[in-house]
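Shown next, in structure tokens, is the structure this report addresses.
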Amino acid sequence: MFGRREPVPFAFIAEADKFRSNVTPPPRERASAGQIAGRSLVSLTVVAGLVGALLLGMPALSSGQAPAHTQHSEASDGR
């Protein structure tokens, strides 16, 4: 099926493909209600944080009108 294989330094790794187990692993345990609630709470917190950061950052990202007043430095008065 795979054609030619490259040599490996450990013989037991090369021979591992020959041995297949007929034992099926046990089924995964279902998450309890507390685990599901905890995961959803963490997900909700992350999403709320991202939305809040987006909402707080939008005014800084907007390219609205230039401010009506400009700062004037006393150093440029030419004293």
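FYI, the numbering just counts along the sequence from 1. Every value quoted in this text rests on a predicted model; they were computed, and no experiment measured them. For the numbers below, each heavy atom of this structure counts, side chains included, while hydrogens, waters and symmetry mates do not.
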Going by atom type alone, with no hydrogens or angles, which donor-acceptor pairs under 3.5 Å involve a side-chain atom of residues 33-40 and a protein atom two or more places apart or on another chain?
from: Gln35; atom 1: OE1; to: Ser32; atom 2: N; distance (Å): 3.1
from: Ser40; atom 1: OG; to: Ile36; atom 2: O; distance (Å): 3.1
from: Ser40; atom 1: OG; to: Ala37; atom 2: O; distance (Å): 2.9

Table please: side-chain donor-acceptor pairs of residues 49-60 below 3.5 Å, with sequence neighbours left out.
none

For Leu44, which fellow cluster members are found when Ile, Leu, Val, Met, Phe, Trp and Tyr are connected by side-chain heavy-atom distances below 4.5 angstrom, either directly or through intermediates?
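Its cluster partners, ordered by chain and number, are none at all.
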
